[in-house]
A.B. asks: 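Sharing a structure below in structure tokens format, with a few things to ask.
We count residues from 1, following the sequence as given.
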Amino acid sequence: MQTDSLLEFLLVEYRWVVVVTCLLPLSLLWKVWSTVRNYVVFKMNSAPKNHDKKVKEIQKQIRKWRMSGCQTKLCTARPGWQTMSFRQSLYKKSYTNIDINLVDVLEVDTENMTVRCEPMATMGQVSLTLQPLGLALAIVPELEQLTVGGLVMGTGVETSSHRRGLFQHVCTQYELLLPDNSVVTCSETENPDLFYAVPWSYGTLGFLLSATIKVIPAKKYVRLEYHPYTSLPELSRRFTHEASRPDSHMFVEALLYSRHEGVLMTGDMVDEVGADGKYNPIGKWYSEWFFTQVEKHLKRFQKGDKKTAVEYIPLRDYYHRHTRSLFWELQDIIPFGNHPLFRLTFGWLMPPEVSLLKLTQPAAVARLYERSHVIQDMLVPVEHLEDAVQKFHEEFEVYPVWLCPFKLPNQPGQLQLKSGKESEMFVDIGVYGVPKAKGYETVSSTRRVEEFVISRGGFQMLYADTYTTREEFRQMFSHSLYDRVRETLPGCLDAFPEIYDKVNRNVRK
Ligand SMILES: Cc1cc2nc3c(=O)[nH]c(=O)nc-3n(C[C@H](O)[C@H](O)[C@H](O)COP(=O)(O)OP(=O)(O)OC[C@H]3O[C@@H](n4cnc5c(N)ncnc54)[C@H](O)[C@@H]3O)c2cc1C
Ligand SMILES: NC(=O)C1=CN([C@@H]2O[C@H](COP(=O)(O)OP(=O)(O)OC[C@H]3O[C@@H](n4cnc5c(N)ncnc54)[C@H](OP(=O)(O)O)[C@@H]3O)[C@@H](O)[C@H]2O)C=CC1
Ligand SMILES: CC(C)=CCC[C@@H](C)[C@H]1CC[C@@]2(C)C3=C(CC[C@]12C)[C@@]1(C)CC[C@H](O)C(C)(C)[C@@H]1CC3
């Protein structure tokens, strides 16, 4: 990473000093506190009773805002440092912040196979609550601090999305507080326009009070197969086949380690460790970061070992396989984080809470990331996978690249299929790291990739920086249903800005 001054150099190269000595112990404190708190609250079954009381607390805040003449727009009071995105939203300073202190799992319905969660419940919390019941969310987005509210109002994807779609496609009902202070529920059959406009609305239609999400039976392990490739066309063909086949494996994912080479992984939930593979508890504190373990399969393949490797991984370890290394982002913060000695001594404290990393990010680091760090997830139809990888290589040249397939059904809402088909297989292309492409420049390079994605009928995940203009944004995301719903919801236009006003690069720091 290039740095300008000695101070910048120290703050970047030695950021690990603060992270290892302060943030790791603090993160452990936070993890222990929140796990115990969630367990006690769930066990005491206090949450469902408290839910209506807490909703009244929120309605009190909205009433106060309305009594004061709706002077400002509204947003949640979730501090920017706690959100699972690189930036902190500037609008939180001028909007009326509404405290949504709804942090719990409300009830698990084993008959209808759903769980009702409050919006501030996190993926780690929900998967811990469901695990003893032998259940899991139908889609478990990777990072533990992701919240239900953020995944509904933004989006969520995981390696079973080729079967089940995005996070919104496994939600059956939303409970919302509208700007006129009314509480409504919506689903495919009840207020369907609102139901389909909520995903990707980024909190600009109302406040989410709870979401009902599909759950599935969870088995103890994932049987994972590793298929290395040294040809992108072959990897792309097999990736598309594995994602689209009617009898697909439950999990499909690929990591690219260069423009032409990568490892495709296919997996299924199983109850026992089989004799055809080795048991690999990748979640153990001492175990190697997952993406470097996967790369070893590519290296052995390049040396002539062509066999398909099989491993048995504990289910929870699999769901959060990239969490301990924050995909591959921690290597830029704790460069020796994957060293065996460090893992043995400090591995049990990893990863540092993203929230604390954000809270303590030096300005010099922010400037450096601004200039020479890419964090983007672009969603394109899988037929364009090869030319998309080519485009990302030309503009960014960042590896590994995360490839995660997902099925996109043709439903009303912001994500419209340009092909008009009933459903289409897409791929999430995740790029996180220091760009090596010659001539890389943050805005112009990213805008060229955005233009490419729009031209292929794709979408940009909006936790990342979008440099699109308002017009380009409306080209990428359909606003016809969204605009209509905003006009029909009483007080919505006064209470909330448009999506673009909450996600574009100029409203984030
Ligand atoms: C070291 C440290 C790290 C922290 N990291 C995070 C973090 O990564 N994510 C985060 O949301 N908050 C984080 N917080 C803030 C923390 O959640 C609470 O705001 C603080 O601990 C006070 O909680 P409380 O006693 O008011 O609990 P509560 O009254 O239960 O919660 C108050 C607020 O705390 C947050 N909160 C509490 N429990 C949860 C939960 N299970 N899931 C999500 N949010 C919850 C919510 O913002 C909620 O509005 C952190 C705090 C500390 C000290
Ligand atoms: N595997 C995956 O899919 C991953 C996804 N992500 C991204 O992370 C995001 C989620 O991060 P997270 O920190 O949980 O969410 P955030 O706190 O960042 O919230 C995301 C958006 O949702 C809105 N929102 C959140 N809760 C509510 C609510 N109760 N009512 C109304 N609006 C709400 C926020 O509005 P406001 O600004 O007013 O608070 C914000 O606009 C996802 O959208 C996704 O893009 C990141 C990593 C992995
Ligand atoms: C769809 C999927 C799987 C997305 C994965 C997104 C992750 C790679 C993102 C989400 C939050 C994220 C942007 C973050 C960072 C890295 C990439 C993350 C983890 C870091 C930790 C990079 C270092 C920065 O100093 C800072 C701490 C601000 C951020 C925090 C958010």
A.B. asks: Looking at every non-hydrogen atom in both residues, tell me the closest pair between P351 and K31 and how far apart they are.
C.D. replies: O-NZ, 2.9 Å

A.B. asks: How far does CD1 of I333 sit from OG of S325, to the nearest 0.5 angstrom?
C.D. replies: 11.0 Å

A.B. asks: Going by heavy atoms in the side chains, are I100 and L208 under 4.5 Å from each other?
C.D. replies: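 In short, these two side chains do not touch, never coming nearer than 4.5 Å.
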
A.B. asks: Salt bridge or not for K54 and D99, using N-O below 4.0 Å?
C.D. replies: no

A.B. asks: Find out whether Y174 and P199 are in side-chain contact, i.e. whether some heavy atom of one side chain is under 4.5 Å from a heavy atom of the other.
C.D. replies: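 Side-chain contact under 4.5 Å: yes.
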
A.B. asks: I'd like to know if the side chain of R66 and the backbone of P179 have a donor-acceptor N/O pair within less than 3.5 Å.
C.D. replies: yes

A.B. asks: Hey, are Y463 and T83 close enough side-chain-wise for a donor-acceptor pair under 3.5 Å?
C.D. replies: no

A.B. asks: Just by modelled atom types, is the A197 backbone N or O under 3.5 Å from a matching donor or acceptor in the Q414 side chain?
C.D. replies: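 Yes; judged by distance alone, with no hydrogens or angles, the pair exists.
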
A.B. asks: Side-chain contact, heavy-atom cut-off 4.5 Å: L102 with H51?
C.D. replies: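 Yes, at least one pair of side-chain atoms sits under 4.5 Å.
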
A.B. asks: Going through the checks in order, is the side chain to side chain contact (heavy atoms under 4.5 Å, CB included) test met by S34 and Q125?
C.D. replies: CA-CA 8 Å; S34 79; Q125 174 186 353; over 6 Å; no

A.B. asks: What verdict does the salt bridge (Lys or Arg N to Asp or Glu O under 4.0 Å) test give for R37 and D104, after you've listed the backbone C-alpha separation in whole Å, the side-chain angles of each residue and the deciding distance to 0.1 Å?
C.D. replies: CA-CA 10 Å; R37 176 212 172 278; D104 292 304; 3.2 Å; yes

A.B. asks: Are I313 and Y221 close enough that some pair of their side-chain heavy atoms sits under 4.5 Å apart?
C.D. replies: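 Counting from C-beta outward, I313 and Y221 never come under 4.5 Å.
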
A.B. asks: Please name all residues satisfying ring-ring contact (aromatic ring centres under 6.0 Å, His included) with W65, sequence neighbours left out, ordered by chain then number.
C.D. replies: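 Expected list: none.
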
A.B. asks: Among all residues two or more places apart in sequence or in another chain, which pass the ring-ring contact (aromatic ring centres under 6.0 Å, His included) test with F406?
C.D. replies: F426

A.B. asks: Tell me if a side-chain donor or acceptor on H249 pairs with a main-chain N or O of M265 at a distance below 3.5 Å.
C.D. replies: no

A.B. asks: If you take all heavy atoms of A464 and I375, which pair is closest and at what distance?
C.D. replies: CB-O, 3.3 Å

A.B. asks: Between D109 (side chain only) and T114 (backbone N and O only), is there a donor and an acceptor less than 3.5 Å apart?
C.D. replies: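 Answer holds: no.
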
A.B. asks: Short question: side chain of Q82, backbone of P79 - any donor-acceptor pair under 3.5 Å?
C.D. replies: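 Between the backbone of P79 and the side chain of Q82 there is no qualifying donor-acceptor contact (under 3.5 Å).
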
A.B. asks: For the residue pair T446 and Q376, what are the closest heavy atoms and their distance?
C.D. replies: CG2-NE2, 3.5 Å

A.B. asks: For atom NZ of K220, decide whether the heavy atoms of other residues, nucleotides or ligands shown that lie under 6.0 angstrom number more than 12.
C.D. replies: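 12 or below, so no.
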
A.B. asks: Which salt bridge (Lys or Arg N to Asp or Glu O under 4.0 Å) pairs, counting each pair once, include a residue from residues 163-180, with sequence neighbours left out?
C.D. replies: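 Counting only pairs at least two positions apart or across chains, the salt bridge (Lys or Arg N to Asp or Glu O under 4.0 Å) contacts touching residues 163-180 are R116-E175.
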
A.B. asks: Classify the side-chain pair E144/T323 by whether it contains a donor and acceptor separated by less than 3.5 Å.
C.D. replies: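 No, no side-chain donor-acceptor contact under 3.5 Å.
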
A.B. asks: Just to verify, which of K509, R508, R505 counts as forming a salt bridge (Lys or Arg N to Asp or Glu O under 4.0 Å) with E370?
C.D. replies: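 For E370, the salt bridge (Lys or Arg N to Asp or Glu O under 4.0 Å) check succeeds only for R505.
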
A.B. asks: Who pairs with K60 by side chain to side chain contact (heavy atoms under 4.5 Å, CB included), at least two apart in sequence or on another chain?
C.D. replies: E57, R63

A.B. asks: Which residues pass the ring-ring contact (aromatic ring centres under 6.0 Å, His included) test with Y500, not counting sequence neighbours?
C.D. replies: F473

A.B. asks: Is there a donor-acceptor contact under 3.5 Å linking the side chains of R316 and S127?
C.D. replies: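 Yes, a side-chain donor-acceptor pair sits under 3.5 Å.
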
A.B. asks: Within the supplied structure, the quantity of interest is the number of heavy atoms (other residues, nucleotides, ligands) at a distance under 6.0 Å from E451 CD; does it exceed 12?
C.D. replies: no

A.B. asks: Would you say that V215 contacts M113 through its side chain, given a criterion of any heavy-atom pair below 4.5 Å between the two side chains?
C.D. replies: yes

A.B. asks: How are the rings of Y369 and F86 set relative to one another: parallel (under 30°), tilted (30 to 60°) or perpendicular (over 60°)?
C.D. replies: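 Taking F86 first and then Y369, their aromatic rings lie parallel (interplane angle under 30°).
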
A.B. asks: Q331 side chain to G337 main-chain N or O, any donor-acceptor pair under 3.5 Å?
C.D. replies: no

A.B. asks: Could you walk me through whether M123 and F167 pass the side chain to side chain contact (heavy atoms under 4.5 Å, CB included) test, one step at a time?
C.D. replies: CA-CA 12 Å; M123 285 301 101; F167 197 77; 4.1 Å; yes

A.B. asks: Return the orientation label for the F342 and F346 ring planes: parallel under 30°, perpendicular over 60°, tilted otherwise.
C.D. replies: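 Because their plane-to-plane angle is under 30°, the rings of F342 and F346 count as parallel.
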
A.B. asks: Does the side chain of L356 come within less than 4.5 Å of P352's, by heavy atoms?
C.D. replies: no

A.B. asks: Heavy atoms, side chains only, cut-off 4.5 Å: are V382 and P405 in contact?
C.D. replies: no

A.B. asks: Report the C-alpha distance between K407 and H169 in whole Å, list the side-chain angles of each, state the deciding distance to 0.1 Å, and finish with yes or no for side chain to side chain contact (heavy atoms under 4.5 Å, CB included).
C.D. replies: CA-CA 10 Å; K407 180 175 70 177; H169 299 118; over 6 Å; no

A.B. asks: Using every non-hydrogen atom in the two residues, find where T72 and Y95 come nearest and quote the distance to one decimal.
C.D. replies: OG1-C, 3.9 Å

A.B. asks: Mind running salt bridge (Lys or Arg N to Asp or Glu O under 4.0 Å) on R470 and D501 for me, showing each step along the way?
C.D. replies: CA-CA 9 Å; R470 196 181 294 269; D501 301 310; 2.6 Å; yes

A.B. asks: For the atom pair CG (L143) and NE2 (H322), what is the distance rounded to the nearest 0.5 Å?
C.D. replies: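 Output value for this atom pair is 9.5 Å.
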
A.B. asks: Could you report the tightest heavy-atom contact between Q145 and W30, atom names first, then the distance?
C.D. replies: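 Smallest interatomic distance, heavy atoms only, reads NE2-NE1, 3.0 Å.
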
A.B. asks: Is any side-chain heavy atom of P119 less than 4.5 Å from a side-chain heavy atom of V152?
C.D. replies: no

A.B. asks: Go through the steps for L166 and I139 under the test side chain to side chain contact (heavy atoms under 4.5 Å, CB included), then give the verdict.
C.D. replies: CA-CA 8 Å; L166 298 172; I139 298 273; over 6 Å; no

A.B. asks: Do the ring planes of W328 and Y432 sit parallel (below 30°), tilted (30 to 60°) or perpendicular (above 60°)?
C.D. replies: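 Answer is tilted, since the angle falls between 30° and 60°.
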
A.B. asks: Answer yes or no: is there an ion pair linking E498 with K73, defined by an N-O contact shorter than 4.0 Å?
C.D. replies: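 Not counted as a salt bridge, because no side-chain N and carboxylate O are separated by less than 4.0 Å.
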
A.B. asks: Any idea which heavy atoms bring V126 and C117 closest together, and the distance?
C.D. replies: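 Between these two residues, the closest heavy atoms are CG2-SG, 4.0 Å.
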
A.B. asks: Just by distance, do the side chain of N97 and the backbone of R78 share a donor-acceptor pair under 3.5 Å?
C.D. replies: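 Answer holds: no.
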
A.B. asks: Spell out, as yes or no, whether a donor-acceptor pair under 3.5 Å connects the side chain of S187 to the backbone of Q173.
C.D. replies: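 No, because the side chain of S187 does not come within donor-acceptor range (under 3.5 Å) of the backbone of Q173.
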
A.B. asks: Indicate whether the side chain of W81 and that of Q361 have a donor and an acceptor atom separated by less than 3.5 Å.
C.D. replies: no

A.B. asks: Hey, which of I499, V198, L462, L205 is the one that makes side chain to side chain contact (heavy atoms under 4.5 Å, CB included) with M153?
C.D. replies: V198

A.B. asks: Which atom pairs, one a donor and one an acceptor, fall under 3.5 Å between side chains of residues 484-497 and the rest of the protein, sequence neighbours left out?
C.D. replies:
unit_1 : atom_1 : unit_2 : atom_2 : d
R486   : NH1    : T204   : O      : 3.1
R486   : NH1    : F496   : O      : 3.4
R486   : NH1    : P497   : O      : 3.0
R486   : NH2    : F496   : O      : 3.2
T488   : OG1    : R484   : O      : 3.2
T488   : OG1    : V485   : O      : 2.8

A.B. asks: Drop me the distance from E188's CD to F195's CZ, to the nearest 0.5 angstrom.
C.D. replies: 5.5 Å

A.B. asks: For Q460 and T466: C-alpha separation, side-chain torsions, deciding distance, then whether side chain to side chain donor-acceptor pair (under 3.5 Å) applies.
C.D. replies: CA-CA 8 Å; Q460 180 176 27; T466 180; 2.8 Å; yes

A.B. asks: Given 3.5 Å as the limit, does a donor-acceptor pair link the side chain of D428 with the main chain of L379, or not?
C.D. replies: no

A.B. asks: In terms of side-chain geometry, is the basic nitrogen of R321 or E142 positioned less than 4.0 Å from the acidic oxygen of its partner?
C.D. replies: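 Salt bridge between R321 and E142, a charged N being under 4.0 Å from a carboxylate O: yes.
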
